[in-house]
Amino acid sequence: MKRSSTFLFFLSLTINLIGQSIKVSDKLTIIKLSDNTYIHTCENSNGLIYFNGVNALIVSTPDSDIETQNLLDWITKEKGYNIIGYVIDRWHPDAMEGLDIVHQNGIKTYAYELTQQIAREKGLPVPQTGFNPKTEIHVGSEKVICHFLGEAHTKDGIVVWIPSEQILFGGNEIRNYNGWVGNIGDACLDKWSETATRVKQEYGTAKIVVPGHGNFGGPELIDYTISLYAPCKKDSNTSFTSTSIEPKYKTSEDFLIDTEFDSIQEDTRILSNAIVIIQDSTKYVKIESPSIVYTPDEKKINSDSGSLKIYDKTSNGETLRTDVTYNRLVLYKIDDSVGLRIIVKDLL
């Protein structure tokens with residue numbers, strides 16, 4: 001009986017260590033998944049650290065140079081490991097904002113070839129070593145697999161698989177249980193569910209799945225992602241031919257607006273039966289809704305129901321990429337390299 005109790009005590013102790021948090025700075029936290037694998041999380045954006053032997057591999061940078069350097073210092077100075085590589089899992093700032101710092105520290109960087117291409121086109125730092133669609137990186141005696149399985153949150157997002165740990169970093173291809181469809185400004189909604197299905201086929205045996213944002217879980221997060229975006233699949237007969245759009249709406253500083261009724265309440269404008277158009281160098285977005293709240297100072301649109309169309313600008317005009325109806329939408333016009341953030345709560 002005593003032996004059994006001792007075993008249960010050590011089993012409980014081991015389980016309790018999983019999820020243990022280490023505060024590196026005010027914004028950067030390290031979460032233990034196993035003896036060899038940790039999550040780094042900053043401003044609710046996740047990355048991964050894998051240790052083997054005396055070496056370490058990192059996936060995704062925190063979204064600032066300062067926190068990226070804090071992460072590198074924790075691994076090399078606090079833990080005493082040699083960082084043999086850094087994987088960039090997508091082109092968005094919350095995954096590669098600290099890439100310059102990584103290069104300044106002389107660390108080799110890896111990314112899917114399309115991530116390199118997008119970074120060049122946008123004038124961003126470029127990861128050094130490209131792969132297409134898959135590569136293996138050896139960390140000590142074990143390997144880590146980086147794999148592009150299709151378009152989803154962005155056109156270039158990858159997943160990272162650690163076979164020896166049965167841990168999958170799903171990045172922004174995989175969502176956590178937060179009830180939000182997520183930022184779809186650069187998303188390929190009609191392909192997301194199919195991409196997640198391929199992730200399940202390849203790595204559905206994962207014991208732990210780490211999404212790009214929010215809490216980690218198990219393979220049920222892959223199933224959740226598949227079902228979340230299933231309504232967005234396009235019918236096989238859907239036409240994606242180029243269109244010519246010439247909006248003629250009342251102009252605000254940041255948006256093109258057409259509305260039946262426009263009232264001002266403190267720092268917001270309430271638009272009734274409105275159409276709002278916003279565009280940047282690569283996208284054209286059209287929102288139609290019975291009610292829209294527009295906050296000029298924040299360059300923000302809130303809407304509780306309506307339809308959303310996103311077009312990619314091409315040399316021939318505009319090509320429809322997303323056409324959905326929603327229960328809740330928030331759109332920000334921002335000035336960084338992402339351009340537009342379109343956050344959707346629920347799809348109909």
Is the shortest distance from a Lys or Arg side-chain nitrogen in [X] or [Y] to a carboxylate oxygen in the other one below 4.0 Å?
X      : Y      : value
Arg269 : Asp262 : yes
Lys143 : Glu136 : yes
Arg321 : Asp312 : yes
Lys155 : Asp186 : no
Glu318 : Lys313 : no
Asp26  : Lys23  : no

Taking only residues two or more places apart in sequence, or in another chain, which ones meet [X] in a ring-ring contact (aromatic ring centres under 6.0 Å, His included)?
X      : value
Tyr229 : Trp192
Phe51  : Tyr38, Tyr81
Phe148 : Tyr112

Minimum heavy-atom separation for Ala206 to Val209, with atom names?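 Shortest heavy-atom contact: CB-CG2, 4.0 Å.
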Check: Tyr86 ring centroid to Tyr110 ring centroid under 6.0 Å: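 For Tyr86 and Tyr110, the ring centres are not under 6.0 Å apart.
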Counting heavy atoms not belonging to Ile66, are there more than 12 under 6.0 Å from its CD1? no
